[in-house]
Amino acid sequence: MISVDNAYIVQYLKGHFEKEILNIEEPYGFLTIEVKKEGLIALLVAIKNDSVLHMNFLTDLCGVHYPESPNRELAVVYHLHSFINNVRLRLKVFIPASDPQIPSATAVFDTANWMERETFDFYGILFQGHPNLKRILNVDDMDYHPLLKQYRLEDGTRTDKVDSFFGR
Amino acid sequence: MANVVDAPDGYAGSGFFATSFDKIIGMARANSIWPLPFATSCCGIEFMATMSPHYDLARFGSERLSFSPRQADLLMVMGTIAKKMGPIVKQVYEQMAEPRWVIAVGACASSGGIFDTYSVLQGIDKVVPVDVYVPGCPPRPEQIIDGICKIQELIKNEPLRRRNSPEYQALLESYNIH
């Protein structure tokens, strides 16, 4: 039996998706691979259905905002888990804030549905092909995406404290 | 001896007692408040202790919780109110019949507390008028009881026509409540 570990996953992906891989690292032993957004869905389908890898569970999907990185301002991070091999894989896709679009993973993992809505809610990332891309946690009439770093975290309507004591 | 409240000021004689409606109705209302607990977080846990035998809100005539706003006299908001929850607090308040009172229990209900953030209402007085604020994070049951006693004082001393006054109507109008 093949033992599936980080080295095996890297070898598999280099064999099948060499052109889609931009960067490979292993922070704290957690295999993290940056891929191009064009190849993302094909890669997810392949590693989910592969008879050895069985990357069958999408643990988490979230966004990150890096305002200092030109044309790579937004990241979408996918945490995958193979229950059968008990190995995990993190995929990262970087997209520009000027065109925050990425294909939806809902066709591959049903669980991506609400997680993509949450990522849209907080970062404004548009998941192409999502069946119901609307806000999930914030109030419906909110007119911005609050975790983008150009917006302040504090609430401007607070009246019981003096700004200068709180560094704002 | 049973716990009986003192009679209000008035004229007592053989076979009669005379006082004003304000006082007698205020006394009756103050000692039979039906609270509606709107508990969203840790202050709600302190309220559960307040209701339990060790602290026992029944001693103040408030053991009968009303989970229908239509039968409640006192809205007790205990815990963080997210902005998404704000309209629900307001709707519950609107469903209560007059006379009605509101107590904001804890820092979050009073001012947003530590949650100075885009998703949290910075005090329920942004959506409904509040009669008594209880500070604390969370307040101890003694403090909640003190808040209830403050509400009782307000109820005892409220003129019967206060709710018809232009000032009160203007207050509700300022919250867009009709």
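Residue numbers begin at 1 in each chain, while the letters A, B, ... track the order of the sequences.
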ask   = Above 12 or not: heavy atoms from other molecules or residues under 6.0 Å from NE2 of B:His178?
value = yes
Heavy atoms from other residues, nucleotides or ligands near CZ of A:Phe83 exceed 12 (cutoff 6.0 Å) = yes
ask   = Near B:Phe16 CZ, under 6.0 Å, is it more than 12 heavy atoms from other residues, nucleotides or ligands?
value = yes
ask   = Residues of residues 79-107 of chain B under 4.5 Å from chain A (heavy atom pairs)?
value = B:Lys83, B:Lys84
query = Can B:Tyr118 and A:Val139 be said to form a side chain to side chain contact (heavy atoms under 4.5 Å, CB included), step by step?
reply = CA-CA 10 Å; B:Tyr118 60 90; A:Val139 283; over 6 Å; no
Enclosure of A:Lys37 NZ (heavy-atom neighbours >12, cutoff 6.0 Å) = yes
query = Got a sec, which residues hit side chain to side chain contact (heavy atoms under 4.5 Å, CB included) with A:Glu25, two or more places apart in sequence or on another chain?
reply = A:Asn23, A:Pro27, A:Thr32
Under 3.5 Å, which donor-acceptor pairs link side chains of residues 59-71 of chain A to any protein atom two or more places apart or in another chain?
from	atom 1	to	atom 2	distance (Å)
A:His65	ND1	A:Lys149	N	2.9

Name the atoms and distances for all side-chain donor-acceptor pairs under 3.5 Å in residues 39-55 of chain A, with sequence neighbours left out.
from	atom 1	to	atom 2	distance (Å)
A:Lys48	NZ	A:Val108	O	2.7
A:Asn49	ND2	A:Val45	O	3.3
A:Asp50	OD1	A:Tyr12	OH	3.3
A:Asp50	OD2	A:Val52	N	2.9
A:Asp50	OD2	A:Leu53	N	2.9
A:His54	NE2	A:Ser51	O	2.8

message = Heavy-atom pairs under 4.5 Å with chain B: which of A:Leu137, A:Asp141, A:Asp140 has the most?
response = A:Leu137
query = Short question: side chain of A:Asp155, backbone of B:Ser119 - any donor-acceptor pair under 3.5 Å?
reply = no
